[in-house]
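Just below is one structure, and these are the notes that go with it.
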2 protein chains.
Amino acid sequence: MRSKIFVSAQEVAEKAGVSRSAVSRTFTQGASVSAETRERVLRAAEELGYHVNHLARGLMRNESGIVCLIASEVATPYRSALLRELTLQLQNAGKIAMFINTDRSDGSVDRALQQAIRYRADASIILSGLPDKSITELCLRNGQRLVLINRDEDQPGPLRINLDDDEVGGRVLTAFARAGCRRLAFANSEAGTPSLMGRERAFVAAAHGLGMDVIVKRHGWTGYEAGRVLAHRLLTAKERPDAVFCATDLLACGFMDAARHQFGLSIPDELCIVGFDDIEQASWSSYELTTFAQPVAEIASRAIEWLSRFGPKDGKGEVQSIRLKAELIWRKSVRAKK
Amino acid sequence: MRSKIFVSAQEVAEKAGVSRSAVSRTFTQGASVSAETRERVLRAAEELGYHVNHLARGLMRNESGIVCLIASEVATPYRSALLRELTLQLQNAGKIAMFINTDRSDGSVDRALQQAIRYRADASIILSGLPDKSITELCLRNGQRLVLINRDEDQPGPLRINLDDDEVGGRVLTAFARAGCRRLAFANSEAGTPSLMGRERAFVAAAHGLGMDVIVKRHGWTGYEAGRVLAHRLLTAKERPDAVFCATDLLACGFMDAARHQFGLSIPDELCIVGFDDIEQASWSSYELTTFAQPVAEIASRAIEWLSRFGPKDGKGEVQSIRLKAELIWRKSVRAKK
DNA sequence: AAATCTCTTGCACGCACGTGCAACAACCGG
DNA sequence: CCGGTTGTTGCACGTGCGTGCAAGAGATTT
């Protein structure tokens, strides 16, 4: 219990010589107050340094204005870009972002959602990890809306936003084929995230469709270091690949660095590489990586548009799954022709 | 006003056959409840899916448990690393992070702080931008604690955490001197942030102390692209520098890329570079940048330790300013000797 | 002038919670 | 058997706010 207290509507009312209701009404959109009392209230509020208590307001309205963002690996370029966009657009929509980091200790998504419920968040957006079905139901039952980004398990209830993997697989394959590449590889992490596995499956399937085979290697956590290790694994093989699709730009950067500095390979002449995410580093002149850009702004806007839509909570007939396209950004890590 | 309603303590009480006070007490640390009623309440709560409403609890206790993080350029490697650490440690301290992004539109720090006040955040941590003195006072008067990171203006009241610039300037200079560099430069952005300007001043001062001069160039926003531009400006001069201290690792990466790929310079043989922040990319093998690591974890822990300390708000006799040391990480962008 | 309408205002209640106070039961020592 | 102690429980009030309801003040119509 803290000692000092915020200034309340009561004090403003007394100072302005009106009732507390009048104060409440001046700060409520669309309430009926005369211009004069409104003016007096605003002046008194200004002088006292009054600010509406959103905790109490949320209590009354049963709507806190809080949206909870649940994510791990926040310091990663892609994640931080998505978070940036989400927070920005949330603010524009008049909501405020509460943030929960689920690094270290797993099962923590459930704990995160519990926190969200405790603070009566209107909605939660989950960027990584996946809640138990029981928790999901709890959220929905409490009127919480849920958005899952790039996590296409078949959870009923929440909105799912993800990217079209099949199209990606096909486009990478035709790019490699046009470059005259023969020995294809896919470099992945062991994270096993649906989006990563989806890209892998799509690429392999596309290759099989053209009668080609793909060497798939997975290692470690989805970062630069894993990319280097994967390069060592793949480039020391007898049948060295001449085209690698990396599940992530971070993997691709590590892969490229190892390929060039340790193996002395020239990219794209001897080795073609495609990444995914279009992180800022992909455009740096040490990489100039051909990659897929996630439509980050659109992901954010679709998510927020959905969760601020005011409909029946069980959402029969509502859209529950959105599939977006990733845009291929041509740079210089894939050659045009052999 | 939303239609459906959360489960309230009242309902739990009815289901468990006790009074609402009993429910409240089972969920309050250190309250007096018998083991039996506690058990019954917990079971009823579990079955109904009850969660304490932290909005209402915050209302009563005058302590919301919310800490507001105010920052811009969140997708930047250094910022996102700091945010990661802060959110993680806040959670460990039993608090929750509310996040406000101050990109686009300035004066937005004030608006951010207003939001923090509206949600009755116990404290705010400001990573960039600077609030008006009036707002600062408002916060303190309302019992909000304030932490400014790397923003050493002489605001009274908030805790200020920043790094020892003088030591940094001196160490870079001796490193360059030992490498036999003659023509020094400092590459900075036009942001004019206190921390950036502090490094600049310290480096220039250290050079003057040894009777050397420094070419200072500033350009644009603190990012990769600005680093490239600065490289062009500095490396096309008649007297081309052979040692550059970049205010930021991002600037340094851009600078290195331009120096190598556009000017064909070899680093560190023909050009020595030092950066600041020790972002992840600094360790990538395309850069291997010698740089200063900010003690991110310590910054976060000191901030949180301070703001969860429970003392008189006006804080006479309390520490209000913390000065930490940045650690020099030796990699390969500065040669050992000529 | 009377009747009707519109606009504003205050009262009182409710939202979900914490907590001081008194009542009460149980237990113990005398 | 009684007074005192300890531990638990419910009542009632307070936290800051929104809002339905009815009363009041003007303004307009008949």
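Within every chain, numbering begins at 1; the chains are lettered A, B, ... in the order of the sequence lines, protein sequences first and strands thereafter.
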Euclidean distance, atom [atom1] of residue [X] to atom [atom2] of [N] [Å, nearest integer]:
X	N	atom1	atom2	answer
B:R61	C:dA16	CZ	C1'	13 Å
A:E39	C:dT8	CD	P	15 Å
A:H54	D:dG16	NE2	P	16 Å
B:N62	D:dG14	CG	C1'	12 Å
A:E63	D:dT19	CD	P	11 Å
B:F6	C:dC17	CZ	P	11 Å
A:Q10	D:dG14	CD	C1'	13 Å
B:M60	D:dT15	CE	C1'	6 Å

Is [X] near enough to [N] that one of its side-chain N or O atoms lies under 4.0 angstrom from OP1 or OP2?
X	N	result
A:S24	D:dC17	no
B:R57	C:dC17	no
B:Y50	C:dC17	yes

Please report how far the helix from C:dA1-D:dT30 to C:dG30-D:dC1 bends, comparing the axis fitted to its first five pairs with the axis fitted to its last five, to the nearest 10 degrees.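 That helix gives 40° between its end axes.
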
Presence of salt bridge, A:R302 and A:E298, under 4.0 angstrom: yes

Salt bridge between B:K15 and B:E11, side-chain N to carboxylate O under 4.0 Å? no

Which heavy atom of [X] sits nearest to which heavy atom of [Y], and what is that distance?
X	Y	value
B:N101	B:S72	OD1-CA, 4.2 Å
A:A75	B:R84	CB-CD, 3.8 Å
B:S34	B:T37	OG-OG1, 3.0 Å
B:L59	A:A56	CD1-CB, 3.8 Å
A:L90	A:A97	CD1-CB, 3.9 Å
A:S124	A:Q144	OG-OE1, 3.1 Å

Starting the side chain at C-beta, find the nucleotide from [options] nearest to [X].
X	options	result
A:L59	C:dG18, D:dG16, D:dC17	D:dG16
A:T28	C:dT19, D:dG16, D:dG18	D:dG18
A:V52	D:dG18, C:dA16, C:dG18	D:dG18

Find out whether A:L163 and A:P295 are in side-chain contact, i.e. whether some heavy atom of one side chain is under 4.5 Å from a heavy atom of the other. yes

Beyond-backbone contact of B:E39 with B:E36, side-chain heavy atoms, under 4.5 angstrom: no

Just to be sure I understand the rule, does B:S8 reach a base, reach only the sugar-phosphate, or reach nothing, if contact means heavy atoms closer than 4.0 Å? sugar-phosphate

Using a cutoff of under 3.5 Å, can you pull out all pairs of nitrogen or oxygen atoms linking the protein to nucleotides 9-12 of chain D, with atom names and distances?
unit_1: D:dT9; atom_1: OP1; unit_2: B:S34; atom_2: OG; d: 3.0
unit_1: D:dT9; atom_1: OP1; unit_2: B:T37; atom_2: OG1; d: 3.2
unit_1: D:dT9; atom_1: OP2; unit_2: B:S34; atom_2: N; d: 3.1
unit_1: D:dT9; atom_1: OP2; unit_2: B:T37; atom_2: OG1; d: 3.2
unit_1: D:dG10; atom_1: OP2; unit_2: B:S19; atom_2: N; d: 3.1
unit_1: D:dG10; atom_1: OP2; unit_2: B:S19; atom_2: OG; d: 2.8
unit_1: D:dG10; atom_1: N7; unit_2: B:R25; atom_2: NH1; d: 3.4
unit_1: D:dG10; atom_1: O6; unit_2: B:R25; atom_2: NH2; d: 2.8
unit_1: D:dC11; atom_1: N4; unit_2: B:S21; atom_2: OG; d: 3.0

